[in-house]
Amino acid sequence: MAEYEACILGLRLVVDMNIQELLVIGDSDLLVHQVLGEWATKNTKILSYLHYVQELVKMFTKIEFKHVPRIQNEFADALATLSSMINHPDKNFIDLIPIGIHKQPAYCAHVEEAFDRNLWFHDIKEYLEK
């Protein structure tokens, strides 16, 4: 559903920009094949998303959906997850999220002990236990 929400948000924004031709590149094999009509779905939750995307597709003179394997598209997967978390009350405009690309790795996953001698997740674990 997160993939569909991201796709819908993107399509609505592009419709508002009066763009008539569009290439949609996605890493969700399921979404791309369902939108193209190659795969069916019986999931009622996904069906409503699929029908809405199909209605949006009719607003373009030319639109193409292309699948890119997720391993080659990690950045888009992260953006899709973020976009599904954004709450917007029937507005077609959402402030852009500035994203910078660095030439060197940030090594942000390397986390050491905090000054209190506890591991980085200690406070989270304690909160969940209480």
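Using a 4.5 Å cut-off on side-chain heavy atoms (C-beta onward), L11 and V24 make contact.
The line from CZ of F65 to SG of C7 is 4.5 Å long, rounded to the nearest 0.5 Å. For the atom pair CD1 of I63 and CG of L23, the computed distance is 9.0 Å after rounding to the nearest 0.5 Å. Interatomic distance, CZ of R12 versus CE of M17, reported as 15.0 Å (0.5 Å rounding). Atoms CD and CG, on E64 and L36 in that order, are 9.0 Å from each other to the nearest 0.5 Å. Atoms OG1 and CG, from T41 and L30 in turn, are 6.5 Å apart once rounded to the nearest 0.5 Å. Atoms CD and CG, from E3 and D29 in turn, are 11.0 Å apart once rounded to the nearest 0.5 Å.
Partners of K45 by side chain to side chain contact (heavy atoms under 4.5 Å, CB included), not counting sequence neighbours, listed by chain and number: M1, N43. Scored by the side chain to side chain contact (heavy atoms under 4.5 Å, CB included) test, V14 finds I19, L22, F60 as partners (sequence neighbours excluded). With sequence neighbours excluded, the residues satisfying side chain to side chain contact (heavy atoms under 4.5 Å, CB included) with T61 are Q20, E21. Residues passing the side chain to side chain donor-acceptor pair (under 3.5 Å) test with Q54, sequence neighbours excluded: none. Every residue was checked against the side chain to side chain contact (heavy atoms under 4.5 Å, CB included) condition with S48, not counting sequence neighbours, and none meets it. For the salt bridge (Lys or Arg N to Asp or Glu O under 4.0 Å) test, residues two or more places apart in sequence or in another chain that qualify with E55 are K58. With sequence neighbours excluded, no residue forms a salt bridge (Lys or Arg N to Asp or Glu O under 4.0 Å) with K66.
Side chains of Y4 and Q34: a donor on one and an acceptor on the other come within 3.5 Å.
Identified under the ring pair (Phe, Tyr, Trp, His ring centres under 6.0 Å) test for residues 9-48, with sequence neighbours left out: H33-W39.
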